[in-house]
Amino acid sequence: MDFATRSQPRSLGSTISRLLHKDSSLGYILLSPGFIFLTVMMAYPFFYAVYLSFTDKQIGAPANFTGLLNYTKLLSTTLFSKTVLNSVIYTTFALILKFCGGLALGVMLNRQFIGQRVVRALLLLPWIMPTVFSTMIWSWIFHPTFSIINDILVTKTGLLSEPVPFLLDETWAMASLIFINVWRGVPFFGITFLAAIQSVSPEIIEASKIDGASPWGSFWRITFPMILPVVVIVMLISTIGTLGDFDLPFLLTRGGPNNATTLFALTAYTLSLQSGMIGLGAAVTMTMFPVLVVLVIVSLISVRRQQQQD
Amino acid sequence: MDSSRLLRKARKSLPFYLLLGAVMAVLLFPFYWGLVTSLKSDIDIYDFTGNFLIPKRPNLANYDTVFSTPRYFTWFWNTLYVSTVTTTISVAISVMAGFAIARLQFRGAALAGTLIFITYLAPKGFLFVPLAQILNNWGLLGGLPALMLTYPTNLIPFCAWLLSGYFANLPHEPEECAMVDGASRIGAIVRITLPMALPGIITAAIFSFTASWNELLYSIVFVSGEQNKMLTNGVIGAFVGGDWFSWGPLMAASTLSSLPIALLYLLFTDRFVSGITAGSTKG
């Protein structure tokens, strides 16, 4: 068949089949739908956001160029400074706890035990199940007056004399938000770390044990350095996701009390879609950009390094 | 095995099982509590006396309320429809892109891989403001097509990245043999390589479907009108007000709306797990 088409090089059919055969042309053909889609739906919106952030665009009104006004306005509002501070606290604590919890979980599950398969399947449920609905359950668990946790701590066991103001107090609200993020993320970290731990060859660990290393020592000196690339990548990807989180603060606290739990995406949502200040909202999301660039570059370097190792 | 050794072994692993039990209890309690609350009547919901872990008068009244919410089935259908369409679009585009990046040699292949990775890292909260404006300019803001166009922006990068890792690990020989036997290049790819990549493709599809089902931000911002809502914003709109919640129906709706994902997970647990580990380590 190939022969037949080659004998008549002028026909359209043969040109197409040649284009679909060669690596170079086929590569561009297969890549073009994705490339066009992501250019129109991601690259264009990005530049459009940069443009909007330099204008006074409001819903239903034309945009006027206002230079850096939106950014200077943001720097002088407490809403924005709170957003930055909240994001730093939320991301830092959530990541540290997910790292520690995930590592502990990974190490813990790295052994034979009864019900292994069932446990691993159930373990992932917080991560798999729709965040929106699990967060609604959490807001019922953290209810101001009918919290089951408070009922257990105060009425049933008497461990506390006062109920915990989970979503009413600024600090507790942030702690609750972090807790739910960790609850949802720890299974993901645990399963990923477990897979990485299991890919370390048992001979190396055996050898170190024969050399007299304690399990603790051999974990930190041998296993951990070997899973470090995976740990770093998971942490970076999760940092970006946590920083850009919208669902959790929107559903649990609406950013309150007193803006103590609002994050970048929620602040941008409040300003642009609820107050109609599109330009200002776009500026809020753009302030994430420098941080994202740094995180993306570090991620790229670590992925490349890991690929070279393989 | 003699019983004293068995006993010693059991005693040694007891702390492990206790710890494991505690961890699992914390991770799974919310689902149980949501389910139990959904089965309680209005009065019993706020009554924690006695054995609160089991509903005193279990009944399905809350589920009745959910089913008689005029639009619940519309939202369910919208969610199913949008998730299926976006999954199909995203997986089709990602299979092509992932294959090209992993298996074809052409100028820019490595660059394309890097760009896909960068778009994969863009958080969802980053571009929704300009996307809303753009959809508005195109006259698409408000209806379901707005979601079908925007959901893939987060799905394609992930799926293409996952699949390129998958394609890279498949052998080249079967495809070459088929071509020697007279198959065209496309024929060889479709009939030989794609079936080999099926587990990866299923993983990508499951992840896309789950992510679309769970999506909240875009469905809040990009669609309007009760008839266009998804389950996520529909349920919240129906059972959560400014400062009131109808907890019973809300817990029932949450349980019901999570059910399809739970079922999918039950059927494809191994695909989920492999997707999670592949997504973070590439290949």
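Here is how names work: the chains are called A, B, and so on, in the same order as the sequence lines, proteins then strands, and each is numbered from 1. These numbers come from a predicted model, not from an experiment.
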Engineer: So do B:L131 and A:Y48 actually touch side chain to side chain, heavy atoms under 4.5 Å?
Structural biologist: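 Side-chain contact under 4.5 Å: no.
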Engineer: Measure B:Y46 against the heavy atoms of chain A and call it side chain, backbone, both or neither at under 4.5 Å.
Structural biologist: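 When you check distances to chain A, atoms from both the backbone and side chain of B:Y46 fall under 4.5 Å.
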Engineer: Checking A:W183 against B:F31 for the ring pair (Phe, Tyr, Trp, His ring centres under 6.0 Å) test, could you report, in this order, the C-alpha distance in whole Å, the side-chain angles of both residues, the deciding distance, and whether it holds?
Structural biologist: CA-CA 12 Å; A:W183 170 81; B:F31 300 115; 5.7 Å; yes
Engineer: Ignoring hydrogens, what is the shortest heavy-atom contact between A:S272 and B:V129? Give both atom names and the distance.
Structural biologist: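 That would be OG-CG2, 3.7 Å.
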Engineer: With chain B, which of A:Y44, A:F46, A:F146 has the greatest number of heavy-atom pairs at distances under 4.5 Å?
Structural biologist: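 Highest number of heavy-atom pairs under 4.5 Å: A:F146.
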Engineer: Of the backbone (N, CA, C, O) and the side chain (C-beta and beyond), which part of A:S299 lies under 4.5 Å from a heavy atom of chain B, both, or neither?
Structural biologist: both
Engineer: Taking the side chain as every heavy atom from C-beta outward, state whether A:I191 and B:V273 have any atom pair closer than 4.5 Å.
Structural biologist: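 Yes, close enough: below the 4.5 Å cut-off.
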Engineer: Relative to chain B, which segment of A:I152 carries a heavy atom at a distance below 4.5 Å: side chain, backbone, both, or neither?
Structural biologist: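 For A:I152, side-chain heavy atoms alone lie under 4.5 Å from chain B.
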Engineer: I need the minimum non-hydrogen distance between B:T232 and A:F133, along with the two atoms involved.
Structural biologist: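 Here B:T232 and A:F133 meet closest at CA-CZ, 4.1 Å.
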Engineer: Heavy-atom cut-off 4.5 Å, strictly under: side chain, backbone, both or neither for B:A262 against chain A?
Structural biologist: both
Engineer: Would you mind checking which part of A:F264 comes under 4.5 Å of any heavy atom in chain B, side chain (CB onward), backbone (N, CA, C, O), both or neither?
Structural biologist: neither
Engineer: Please round to the nearest 0.5 Å and tell me the distance separating atom CD1 of A:I137 and atom OG1 of B:T37.
Structural biologist: 8.0 Å
Engineer: Could you tell me which portion of A:T135 (side chain, backbone, both or neither) has an atom closer than 4.5 angstrom to a non-hydrogen atom of chain B?
Structural biologist: neither
Engineer: Go through the atoms of B:L27 and report whether side chain, backbone, both or neither lie under 4.5 Å from a heavy atom of chain A.
Structural biologist: both
Engineer: Starting at CG of B:N136, measure out to CD1 of A:I59 and round the result to the nearest 0.5 Å.
Structural biologist: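 B:N136 atom CG to A:I59 atom CD1 measures 8.5 Å (nearest 0.5 Å).
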Engineer: Taking side chain to side chain contact (heavy atoms under 4.5 Å, CB included) as the criterion, tell me which of A:T242, A:L295, A:L292 meets it with B:P123.
Structural biologist: A:L292
Engineer: Is the ring centre of A:W140 less than 6.0 Å from the ring centre of B:F239?
Structural biologist: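 Centroid distance A:W140-B:F239: not below 6.0 Å, so no.
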Engineer: Give, as side chain, backbone, both or neither, the part of A:S139 having an atom under 4.5 angstrom from any heavy atom of chain B.
Structural biologist: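 Both backbone and side chain.
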Engineer: Of all the heavy-atom pairs spanning B:P130 and A:L52, show the shortest one and how long it is.
Structural biologist: CA-CD1, 4.1 Å
Engineer: Chain B heavy atoms under 4.5 Å from A:Y269: which part of the residue, side chain, backbone, both or neither?
Structural biologist: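 Both backbone and side chain.
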Engineer: Can you tell which part of A:L251 gets under 4.5 Å to a heavy atom of chain B, answering side chain, backbone, both or neither?
Structural biologist: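 The answer is the side chain of A:L251.
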Engineer: Enter the distance from B:I189:CD1 to A:L30:CG here, rounded to the nearest 0.5 Å.
Structural biologist: 6.5 Å
Engineer: List the atom pairs, with distances to 0.1 Å, where a side-chain N or O of residues 118-132 of chain A and a protein N or O form a donor-acceptor pair under 3.5 Å, not counting sequence neighbours.
Structural biologist:
residue, atom, partner, partner atom, Å
A:R120, NH2, A:L109, O, 3.4
A:T131, OG1, A:R184, NE, 3.0
A:T131, OG1, A:R184, NH2, 3.4

Engineer: Taking all non-hydrogen atoms of both residues into account, name the closest pair between B:W247 and A:M136 and its distance.
Structural biologist: CZ3-O, 3.7 Å
Engineer: Step by step, work out the side-chain contact (heavy atoms from CB on, under 4.5 Å) result for A:S24 and B:Q105.
Structural biologist: CA-CA 6 Å; A:S24 53; B:Q105 293 185 336; over 6 Å; no
Engineer: Taking C-beta and beyond as the side chain, do B:I220 and A:L273 meet within less than 4.5 Å on heavy atoms?
Structural biologist: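 B:I220 does not reach A:L273 side chain to side chain.
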Engineer: Among B:L135, B:T269, B:L19, B:L266, who wins on heavy-atom pairs under 4.5 Å with chain A?
Structural biologist: B:L19
Engineer: Quick one: which of B:V95, B:T114, B:V23 has the most heavy-atom pairs under 4.5 Å with chain A, could you say?
Structural biologist: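 Top option by heavy-atom pairs under 4.5 Å: B:T114.
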Engineer: What part of B:N233 gets closer than 4.5 Å to chain A, counting heavy atoms only: side chain, backbone, both or neither?
Structural biologist: neither
Engineer: Looking at A:R111, I'd like to know if its CZ atom is crowded, meaning that more than 12 non-hydrogen atoms belonging to other residues, nucleotides or ligands lie closer than 6.0 Å.
Structural biologist: yes
Engineer: Using side-chain contact (heavy atoms from CB on, under 4.5 Å), reason through A:I237 and B:Y120 one step at a time and then give a plain yes or no.
Structural biologist: CA-CA 9 Å; A:I237 291 173; B:Y120 167 51; 3.9 Å; yes
Engineer: Report, one line per pair, each donor and acceptor closer than 3.5 Å where one atom sits in a side chain of residues 253-261 of chain B; sequence neighbours left out.
Structural biologist:
residue, atom, partner, partner atom, Å
B:S254, OG, B:L250, O, 2.8
B:T255, OG1, B:M251, O, 2.7
B:S257, OG, B:Y72, OH, 2.9
B:S257, OG, B:A253, O, 2.5
B:S258, OG, B:S254, O, 2.7

Engineer: Check whether B:Y32 gets within reach of chain A through its side chain, its backbone, both or neither, counting any heavy atom under 4.5 Å.
Structural biologist: neither
Engineer: Parallel, tilted or perpendicular: which describes the rings of B:F126 and A:F289, with under 30° parallel and over 60° perpendicular?
Structural biologist: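 The rings of B:F126 and A:F289 lie parallel, inter-plane angle below 30°.
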Engineer: Heavy-atom distances under 4.5 Å only: say whether B:T153 touches chain A with side chain, backbone, both or neither.
Structural biologist: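 Both the backbone and the side chain of B:T153 come within 4.5 Å of chain A.
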Engineer: Is B:R107 paired with A:D23 through a side-chain N to carboxylate O contact shorter than 4.0 Å?
Structural biologist: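 No, this pair does not count.
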Engineer: Is there a side-chain contact between A:V40 and B:I134 in this structure, where contact means two heavy atoms from C-beta onward sitting under 4.5 Å apart?
Structural biologist: no
Engineer: Nearest 0.5 Å, what's the CG-OG1 distance between A:L38 and B:T119?
Structural biologist: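 One finds 5.0 Å between CG of A:L38 and OG1 of B:T119.
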Engineer: Can you tell me if OH on B:Y265 sees more than 12 non-hydrogen neighbours from other groups inside 6.0 Å?
Structural biologist: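 Atom OH in B:Y265 is crowded, with more than 12 foreign heavy atoms closer than 6.0 Å.
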Engineer: Which atoms of B:L264 are under 4.5 Å from chain A, going by heavy atoms: the side chain, the backbone, both sets, or neither?
Structural biologist: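 For B:L264, there is no contact with chain A at all, as no heavy atom is under 4.5 Å.
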Engineer: When rounded to the nearest 0.5 angstrom, what distance separates CZ in B:F128 from OG1 in A:T285?
Structural biologist: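 Answer for the CZ-OG1 pair, B:F128 versus A:T285, is 7.0 Å.
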Engineer: Which atoms of B:N137 are under 4.5 Å from chain A, going by heavy atoms: the side chain, the backbone, both sets, or neither?
Structural biologist: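 For B:N137, the side chain is the part near chain A, not the backbone.
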Engineer: Do A:W138 and B:P30 come close enough that some side-chain heavy atom pair is under 4.5 Å?
Structural biologist: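 Of all side-chain heavy-atom pairs linking B:P30 with A:W138, at least one is under 4.5 Å.
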Engineer: Name the member of A:A49, A:G115, A:G241, A:P45 that forms the most heavy-atom pairs with chain B at distances under 4.5 Å.
Structural biologist: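 The answer is A:P45.
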Engineer: Select one option (side chain, backbone, both, neither) describing which atoms of A:L105 are under 4.5 Å from chain B's heavy atoms.
Structural biologist: side chain
Engineer: Is the closest side-chain heavy-atom distance between A:F250 and B:L217 below 4.5 Å?
Structural biologist: no
Engineer: Under a 4.5 Å cutoff for heavy-atom pairs, which residue among A:L26, A:I148, A:D151, A:I141 has the most contacts with chain B?
Structural biologist: A:I148
Engineer: Taking the side chain as every heavy atom from C-beta outward, state whether A:V296 and B:F117 have any atom pair closer than 4.5 Å.
Structural biologist: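 Answer no - side chains too far apart.
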Engineer: Do the non-hydrogen side-chain atoms of A:K22 and B:R185 ever get within less than 4.5 Å of each other?
Structural biologist: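 The answer is no; the side chains never approach within 4.5 Å.
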Engineer: How close do B:A112 and A:L31 get, counting heavy atoms only, and between which atoms?
Structural biologist: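 Looking at all heavy atoms of both residues, the closest pair is CB-CD2, 3.4 Å.
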Engineer: What distance separates B:L127 CG from A:M286 CE, expressed to the nearest 0.5 Å?
Structural biologist: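 It comes to 6.5 Å.
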Engineer: Counting heavy-atom pairs under 4.5 Å with chain A, which one of B:M96, B:K124, B:M24 comes out on top?
Structural biologist: B:M96
Engineer: How are the rings of B:Y17 and A:F113 set to each other: parallel, tilted or perpendicular (split at 30° and 60°)?
Structural biologist: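 It falls in the perpendicular class, over 60°.
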Engineer: Yes or no on side-chain contact (heavy atoms from CB on, under 4.5 Å) for A:D247 and B:N214, after CA distance, side-chain angles and deciding distance?
Structural biologist: CA-CA 10 Å; A:D247 295 11; B:N214 301 354; over 6 Å; no
